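Read the structure below first, then the notes.
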Amino acid sequence: MNNIYFTGMPGSGKTTLAKALAEDFDRVYIDLDKYIEEKNHMTIPDIFAKHGENFFRKSETECLAEISHKNGVFIATGGGIVKCGKNIEIMKKSGRIIYINTPPENILKNSTLSGRPLLKDKNAIFKLYDERKSLYESSADFTLDNFGTICEAKKNLAQILEICLNVTKEDLQ
């Protein structure tokens, strides 16, 4: 299976990039967090509030395992997906992992943190980045340093995807 998994910090651009590139490469796109919300019939903040992080992480792994059986899908993961070794194993067996490396300063500048349970204050993003950066890097097949605009990131990521998928955008037209 040749799924493409987008990992990185909350607000790093995973969802925006995965969705846009799935369209460009004529692939199905899945937002894993939305999938989890649909399966649990509640939002992620509500899942955290009602059941806690451990329940959420268990559901995340179950949902990831379900969608990993699809083929050729672009999947935007949640920021904490790399915290569980089983998740990394699932992603590696069913596709490639692309880490969207966006510095916390850029995330704070370019996105909203509302609705993100683990980022209730702005300082938390720096702590999470420090905790998870090595997990993102060690699990990734490719890393995209997203230090500029979303347009620049999309162009650079398209080149990575051409390598992953062994196609060019011209092949798709």
Side-chain angles (χ1 to χ4, degrees), residues 4-22 29-40 42-64 67 74-92 95-158 160-161:
I4 304 292
Y5 296 94
F6 295 81
T7 65
M9 288 290 294
S12 64
K14 300 180 303 286
T15 300
T16 301
L17 291 166
K19 189 174 188 178
L21 287 160
Y29 157 76
I30 296 175
D31 181 318
L32 183 59
D33 284 346
K34 296 289 181 214
Y35 189 87
I36 294 166
E37 288 179 338
E38 290 169 12
K39 293 290 275 188
N40 287 282
M42 63 178 77
T43 66
I44 289 176
D46 288 344
I47 294 170
F48 268 77
K50 187 172 182 179
H51 301 290
E53 185 176 359
N54 287 341
F55 176 90
F56 171 78
R57 296 293 170 206
K58 183 175 184 260
S59 180
E60 181 178 55
T61 299
E62 290 169 359
C63 289
L64 177 64
I67 63 173
F74 284 21
I75 301 156
T77 66
I81 195 86
V82 295
K83 289 178 64 176
C84 174
K86 184 174 183 181
N87 292 341
I88 295 168
E89 185 181 310
I90 291 168
M91 292 186 289
K92 290 277 189 189
R96 300 283 188 103
I97 301 171
I98 300 175
Y99 164 42
I100 310 297
N101 178 27
T102 306
E105 304 81 22
N106 291 24
I107 293 170
L108 288 171
K109 201 173 12 171
N110 298 325
S111 65
T112 177
L113 300 179
S114 64
R116 300 177 192 264
L118 298 179
L119 299 176
K120 291 181 180 166
D121 76 79
K122 291 182 180 183
N123 292 327
I125 196 161
F126 292 94
K127 183 178 179 212
L128 272 182
Y129 184 79
D130 289 341
E131 288 172 5
R132 295 178 180 173
K133 188 171 192 277
S134 65
L135 292 171
Y136 293 131
E137 291 173 340
S138 65
S139 63
D141 296 301
F142 297 93
T143 297
L144 172 75
D145 290 324
N146 184 15
F147 301 152
T149 67
I150 203 74
C151 290
E152 292 168 332
K154 184 179 170 193
K155 179 182 172 194
N156 293 333
L157 194 50
I160 292 171
L161 288 168

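Predicted model only: the values in this text are computed from it and were never measured.
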Considering non-hydrogen atoms only, spot the tightest contact between Gly79 and Pro10 and give its length. CA-CD, 4.1 Å
Search all heavy atoms of Ile107 against all heavy atoms of Gly11 and return the closest pair with its distance. CG1-O, 3.7 Å
What's the spacing between Leu64 CG and Ile36 CD1 if we round to 0.5 Å? 8.5 Å
Look at atom CG of Asn54 and say whether more than 12 heavy atoms of other residues, nucleotides or ligands are closer to it than 6.0 Å. no
Smallest separation among heavy atoms of Phe147 and Asn106, with atom names: O-ND2, 3.2 Å
Can you find a heavy atom in the side chain of Asn101 that is under 4.5 Å from one in the side chain of Lys133? yes
Does a side-chain N-to-carboxylate-O contact under 4.0 Å join Lys34 and Glu38? no
Minimal heavy-atom distance between Leu32 and Thr77, with the atoms involved, is CB-CA, 4.1 Å
Lys92: partners by side-chain contact (heavy atoms from CB on, under 4.5 Å), with sequence neighbours left out: Ile88, Ile97, Asp141
Measure the CG-NZ distance between Leu157 and Lys14 for me, rounded to the nearest 0.5 Å. 13.0 Å
So, using salt bridge (Lys or Arg N to Asp or Glu O under 4.0 Å) as the criterion, who are the partners of Glu89 when residues are at least two apart? Lys93
Would you indicate whether the side-chain heavy atoms of Thr7 and Met91 approach each other to under 4.5 Å? yes
Apply the test side chain to side chain contact (heavy atoms under 4.5 Å, CB included) to residues Ile75 and Ile4: give CA-CA distance (whole Å), side-chain angles for both, the deciding distance (0.1 Å), then the verdict. CA-CA 6 Å; Ile75 301 156; Ile4 304 292; over 6 Å; no
Just so I know, are the side chains of Ile30 and Phe74 near enough to count as touching, which here means a heavy-atom distance under 4.5 Å? no
Does any non-hydrogen side-chain atom of Asn146 lie less than 4.5 Å from one of Asn156? no
Nearest-0.5 Å distance that lies between atom CZ in Phe6 and atom CG in Leu17: 7.0 Å
For Ala153 and Leu144 the tightest heavy-atom approach is O-CD2, 3.7 Å
Are the side chains of Lys154 and Thr16 in touch, meaning some heavy atoms are under 4.5 Å apart? no
Could you grab the distance from atom NZ of Lys50 to atom CE of Met42, nearest 0.5 Å is fine? 4.5 Å
Between Ser139 and Tyr99, is there a side-chain heavy-atom distance shorter than 4.5 Å? no
Between CZ of Phe142 and CZ of Arg96, what distance do you get to the nearest 0.5 Å? 5.0 Å
Do the side chains of Ile90 and Lys86 get nearer than 4.5 Å, heavy atoms only? yes
Between CZ on residue Arg57 and NZ on residue Lys83, distance to nearest 0.5 Å: 5.0 Å
Nearest heavy-atom neighbours spanning Ser12 and Ile100: O-CG2, 3.4 Å
Could you check if a side-chain atom of Asp46 sits within less than 4.5 angstrom of a side-chain atom of Asn40, using non-hydrogen atoms only? no
side-chain contact (heavy atoms from CB on, under 4.5 Å) partners of Lys19, counting only residues at least two apart: Tyr29
Does this structure show an ion pair linking Glu152 with Lys155, if we count only N-O contacts that are shorter than 4.0 Å? no
